[in-house]
Structures are given as structure tokens and as C-alpha cells.
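Letters A, B, ... are given to chains in the order of the sequence lines, protein chains preceding strands, and every chain is numbered from 1.
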Protein chains: 2
Amino acid sequence: MTEVEKGPQGRRRGRGARERILSASQQLFREQGINRTGMNELCAAAQVSKRTAYQHFTGKDELVAEYLRRFDPSVLSGVFDRTDLTPRERLLAAFDIPPTTPLCPYIAAAVELHDPQHPASQYARDYKKAVAARLADTAREAGAADPEQLGEQLALLIDGAAARTRVLNADAFPTAAAIAAVLIDNAIPAAAGDDRRREEESG
Amino acid sequence: MTEVEKGPQGRRRGRGARERILSASQQLFREQGINRTGMNELCAAAQVSKRTAYQHFTGKDELVAEYLRRFDPSVLSGVFDRTDLTPRERLLAAFDIPPTTPLCPYIAAAVELHDPQHPASQYARDYKKAVAARLADTAREAGAADPEQLGEQLALLIDGAAARTRVLNADAFPTAAAIAAVLIDNAIPAAAGDDRRREEESG
DNA sequence: TGTTAAGTACACCGCTCTGTGTGCTTACCG
DNA sequence: CGGTAAGCACACAGAGCGGTGTACTTAACA
């Protein structure tokens, strides 16, 4: 019923409405936070009338949940589907996201909304679990002794880097990457076949 | 009335005003979040008139900053000043805070307020740095090769556990403690003298 | 006794927020 | 042409927020 572009009868309005709203969400919710971004401001930024916005989304809650769902492809498949890297390198590549992600929107949403039952909070939970699972799969592929554990550990490092980056206003991902390197070295039976380089953070 | 005491000049009013406000803050800001807790509700919980609250604090911002400052002693000295533990054990003890801290209020404040210039955000930053410094000191005491690095790493683990606990609604500190054990083993030149027990999480 | 500090009770202001109601415009299409 | 779906502009309701103003009460002291 919604999805414009090609309406049921072939309509094609400004086409963007929904897209522009979600696009504006990505920017504003991120820069200003969810609670500090009002629907008026958001609609203005999206160049969409408020009335239209509420025809596409039943309310802000639904919009926020949809907004969170828009991060999946870039992060998940962007890192894990790189066949040019060895499994080990893929695990480490998860920590190389400096310009893309100033801070984790899932953590931010969970904290801001503050209701574990909120659709967005539930999705954040699902997403975090999915990332840990992906890391575990890759860890298994890399030959880790206990891939589940390593996946969970690396996921914790990512979240720690995100949280710390936010609070301290300084990039904490290099530190996380250094820890990850240690954990990976410890978890993989040494003869992993791949490369043997070590990443030591000094300074 | 209630709890009596002695004021500056010998007055002894209800005594609690300020204390009760801060005490109510600890509970409500934590349970409901800062933004979702209004001054009306807070004053009602503290059994203090709103007028009185605004005579003790210039505004909510100041109250929030003060609220954060109330966490110091319990966490910082509670863990690091334990002379009955070896330095190594103290480093690991920082991850044993299950019932005391359901989630880190500093991260929550930084995310909720969303303004790095906010007094509370600045304090959160200072506090996190202080914790890392304390950890580094203890790491040095334990004979770590690069205490600064280890301190920063352990601090990141704590923040990661806090963030992940929040998002997933499940205690992530055991995982963080397991990582910490590995890092500490790797950083201390082996003959640390103390115990040699290993903490492996298999769950 | 009166003064004064501390607190109470409660209405109130101005603002912002989410969400609607209403009427108008634009475009497609038969 | 007229129908219809999408969208716009704009005001407005209802609620909650942070914060204030005002008048009253209580307790300590002199």
C-alpha cells in the first residue's frame, strides 16, 4: 500500500517521501540523538510535510525502528562478505570503521529509548546477537578453538570501543583492535596458515 | 518531621532536602533515564517541594552533574583500595560488580544528554579517564610491561560489558572478565608471583 | 515575642513535543 | 473532462517539560 515509486495504479509522486524521511532520520537521529530530534525538524529536513510522514509511519516509534533497520547491509555484509580477506583478517576488519560509524546507533537507541520492549530496542538486541553470531561463524572458519566464545568476546570489544569513543570523544577502536589481535592469536591453534603479522598498539 | 540533624547555624530542618533529592535521583535517573524523569516526579519521590529543589540546584543540569558525582567513592575506592588483594586480583575485581551497578550511569548520561559540553558529560569523561588511570597504576604495580596500555584496555572491557549488558539485557561482565584474564596474563612477565589460576568461561 | 531560615503547596508561564484536522494542490489516468 | 491518490501548508489540540511566583507554615534562636 505504501511503497511509492510505482503505485498500485502506476502513480509516481515525488517518489521520495518515505525515502527522504528515513534518509533524514539517519542524519538527524545520529547527529542530535533520537529524543532531541522532533518530528517537525525531521520533516523539514526531509522536505516532507508532517501529514505525509504520519501517513507513512504510524508514529515516531515505528519510524525509529525502521531507521535502525537501515544499518544492516552496510555493516554486516560490508565486512563479512569480503572474500578477498582471510577469516582472520575479516575478524580484524570489523574494527576498521572509523569514518563510517561515529558511534553505534544501536547502543544509542537502547539507551535513549530506555524501554527494552520498544521495537527499536528489540531490534537492537537482535542485531547485536546477529553480529556476534557472524563473528562466531568467521571465528569457526578461521579455526578458533571456541568460536562462540571468541565471537562474543569480539562483539564485546566492538561495543566497548563504541561506548568509549562516545564518552571520551576519542577513537577507541585501535585499542579494541589490539585486544582483538591478542584474543585471536590466543584462540587460533597457531598454525592458522594465513598471515602471521601482529598488531601491537603503542602510543 | 523526618530525619533530623544540625544545619550550619544550628538549624535542623527536615535535614534531608538536598540528600533526598540526590538520593531520589540515583534511583529514578537510573531506572527511567535522565530525560524521562521530570522534575515533578523526582521531587515527589524525594518528598521535597519543587521550590525547595530549585533553591538547592540552579537547574536540572546542575542536579544531573551532582548526581553523577555521587558514584565515585563506591566504585573507585571500593575496588582499588582493597589491600587484601594482590594487584592482579584487584584488576580482576573490577569486573565483579553484578548487583551494585546494573548499568554504567556515565555512559547513559553521555548518550542521553548528547552534549559533550554538558557538565555531566565532562564529568563522565573525567571519571572514565580516572578509572583508566587507576587501572594503569594497578597494572604498573602488578608489573605489567605496558601499564598504560593495559589500563586503557581493561577500561574498554568494562565499558564494553556495561554497554552490552544494557543492550542485550544480559550480564556481559563474565565475558569481559575472561578477556581481562587473558590480557593480564599476556602483559605480566609470567612470574608475577601471585596466583596462577585461569578463568575460563565456558557457558 | 518577633525575626529569620527552611520548607510546603499549588497554581502558573512559556515552551516543545507528538500527533490530527482541514482544506488545497498537483499529477496521473481513463 | 472528472476521479483519485499522493502530498502540502498550517493551525491546533493535548500533554509534559523546566522553571517561577506567591502565600503559608514551621522551627530555631534572641
**Asked** In whole angstroms, how far is the P atom of D:dG21 from the CD atom of B:Q55?
**Response** 11 Å
**Asked** Ring centres of B:F173 and B:F95 under 6.0 Å apart?
**Response** no
**Message:** When you compare the side chains of A:E19 and A:S23, does any donor N or O come within less than 3.5 Å of an acceptor on the partner?
**Reply:** no
**Asked** Do A:Q27 and A:Q32 have side-chain atoms, one donor and one acceptor, less than 3.5 Å apart?
**Response** no
**Message:** With a cut-off of less than 4.0 Å, is there a side-chain N or O of A:H56 near OP1 or OP2 of D:dG7?
**Reply:** yes
**Item:** Nucleotide D:dC17, atom C1' - distance to CG of B:L28 in whole Å
**Value:** 16 Å
**Item:** side chain to side chain contact (heavy atoms under 4.5 Å, CB included) evaluation trace for B:N35 with B:F29
**Value:** CA-CA 8 Å; B:N35 290 331; B:F29 285 164; over 6 Å; no
**Prompt:** Heavy atoms, side chains only, cut-off 4.5 Å: are B:R164 and B:T175 in contact?
**Reply:** no
**Fill in**
Per-nt protein contacts along nucleotides 15-23 of chain C (heavy atom under 4.0 Å; B base, S backbone sugar-phosphate only, - none) come out as ---BBBBB-
**Request:** Answer yes or no: does a side-chain N or O of A:T52 lie under 4.0 Å from OP1 or OP2 of D:dG7?
**Result:** no
**Prompt:** Does A:R69 count as lying over the ring of A:Y123, i.e. NZ or CZ under 6.0 Å from the six-ring centre, within 45 degrees of the axis?
**Reply:** yes
**Complete:** B:L42 CG to D:dG19 P, in whole Å, measures 12 Å
